[in-house]
Amino acid sequence: QVQLVESGGGLVQAGGSLRLSCAASGRILSINAMAWYRQAPGKQRELVADGNLNYADPVKGRFTISRDNAKTTVYLQMNSLKPEDTAVYYCNAHIRTWAPNRESDYWGQGTQVTVSS
């Protein structure tokens, strides 16, 4: 029905950069919000950045969220990466679908980001 497919994760040295992408597809009428979350081992999932340009304090000034013109893909540009940024990063979207016509919360499968010191 709806898929969120993430890409761009990987292994990077501290100080490096990565760009995550999340593409939405399927029976989409509208995408009302897209955001990025992360979950480190042994920790709860936390909001990293949302479509209102709210950022978690640890990533402010280093991460930037953006969307493409068609508004179906959200990106997370991550600069000056630190070992504490190591986590699985998840894309989240509030999407209204057709057949059935309803709004639901969707999650991507997650992409691993590992920052070595």
Side-chain angles (χ1 to χ4, degrees):
Q1 186 171 355
V2 170
Q3 281 191 313
L4 296 179
V5 179
E6 298 145 348
S7 60
L11 173 64
V12 64
Q13 286 189 333
S17 298
L18 285 173
R19 189 191 195 206
L20 306 182
S21 299
C22 172
S25 63
R27 298 178 176 180
I28 297 172
L29 275 177
S30 63
I31 302 177
N32 300 316
M34 298 186 86
W36 287 97
Y37 287 73
R38 69 185 181 185
Q39 187 167 17
K43 295 188 176 181
Q44 289 188 330
R45 191 172 297 188
E46 63 177 0
L47 177 67
V48 176
D50 67 20
N52 292 320
L53 305 184
N54 295 307
Y55 294 92
D57 285 342
V59 309
K60 284 180 181 176
R62 300 188 297 121
F63 290 11
T64 303
I65 188 172
S66 61
R67 284 172 72 173
D68 69 338
N69 288 336
K71 303 296 185 183
T72 58
T73 301
V74 64
Y75 304 97
L76 186 68
Q77 178 66 44
M78 305 184 295
N79 298 327
S80 302
L81 283 160
K82 304 176 180 180
E84 51 264 44
D85 294 319
T86 295
V88 178
Y89 285 70
Y90 296 91
C91 173
N92 171 264
H94 298 294
I95 296 174
R96 177 165 292 279
T97 59
W98 55 273
N101 185 332
R102 69 182 177 197
E103 184 168 327
S104 302
D105 206 29
Y106 293 89
W107 291 90
Q109 80 283 2
T111 185
Q112 177 70 46
V113 171
T114 303
V115 185
S116 62
S117 57

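Fair warning: this is a prediction, and the values are worked out from it, not measured in the lab. The figures here come from the full heavy-atom set of this structure, side chains too, leaving out hydrogens, waters and symmetry mates.
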**Q.** Nearest atoms (heavy-atom pairs only) where P100 meets Q1
**A.** CD-NE2, 3.6 Å

Q | Inter-residue atom distance S30.OG - K71.NZ, 0.5 Å rounding | A | 13.0 Å

Q.
Nearest 0.5 angstrom please: N79 CG to R62 CZ, how far?
A. 9.0 Å

Q: For D68, check side-chain hydrogen bond (donor to acceptor under 3.5 Å, both in side chains) against everything at least two apart and list the hits.
A: none

Q) Within the side chain of E6, is there an N or O that forms a donor-acceptor pair under 3.5 Å with the backbone of C91? A) yes

Q.
As a test of understanding, state which of N32, I31, L29 forms a side chain to side chain contact (heavy atoms under 4.5 Å, CB included) with I95.
A. I31

(Q) Between the side chains of K60 and D57, is the shortest nitrogen-to-carboxylate-oxygen separation below 4.0 Å, so that they form an ion pair? (A) yes

Q: Determine the interplanar angle of the F63 and Y89 rings, folded into 0 to 90°, and report it as parallel if under 30°, tilted if 30 to 60°, perpendicular if over 60°.
A: tilted

Q | Chi angles and distances behind the side-chain contact (heavy atoms from CB on, under 4.5 Å) call for I28, Y106 | A | CA-CA 12 Å; I28 297 172; Y106 293 89; over 6 Å; no

Q: Please step through side-chain contact (heavy atoms from CB on, under 4.5 Å) for the pair V59 and M78, ending with a clear verdict.
A: CA-CA 8 Å; V59 309; M78 305 184 295; over 6 Å; no

Q.
Under 4.5 Å between side-chain heavy atoms, counting indirect links through other Ile/Leu/Val/Met/Phe/Trp/Tyr residues: same cluster for L4 and I65 or not?
A. yes

Q | M34 side, atom CE; D50 side, atom CG - distance, nearest 0.5 Å | A | 12.5 Å

**Q.** Criterion side chain to side chain contact (heavy atoms under 4.5 Å, CB included) against V48, the qualifying member of N92, N54, L20, L76
**A.** L76

Q) Got a donor-acceptor contact below 3.5 angstrom from the R45 side chain to the Y37 backbone? A) no

Q) Would W36 and W107 show up in the same hydrophobic cluster when neighbours are defined by side-chain heavy atoms closer than 4.5 Å? A) no

Q: Identify whether V74 and Y55 are in the same connected component of the hydrophobic contact network (ILVMFWY, side-chain heavy atoms under 4.5 Å).
A: yes

Please tabulate, for the side chains in residues 110-117, all donor-acceptor contacts under 3.5 angstrom to protein atoms that are two or more places apart in sequence or on a different chain.
| residue | atom | partner | partner atom | Å |
| --- | --- | --- | --- | --- |
| T111 | OG1 | G9 | N | 3.3 |
| Q112 | NE2 | A87 | O | 3.4 |
| Q112 | NE2 | T114 | OG1 | 3.3 |

(Q) Looking at every non-hydrogen atom in both residues, tell me the closest pair between A14 and P83 and how far apart they are. (A) CB-CD, 4.1 Å

Q.
For R96, give me all partners under side-chain hydrogen bond (donor to acceptor under 3.5 Å, both in side chains), at least two apart in sequence or on another chain.
A. N101

Q.
Within a 6.0 Å radius of atom CD on Q3, are there more than 12 heavy atoms belonging to other residues, nucleotides or ligands?
A. no

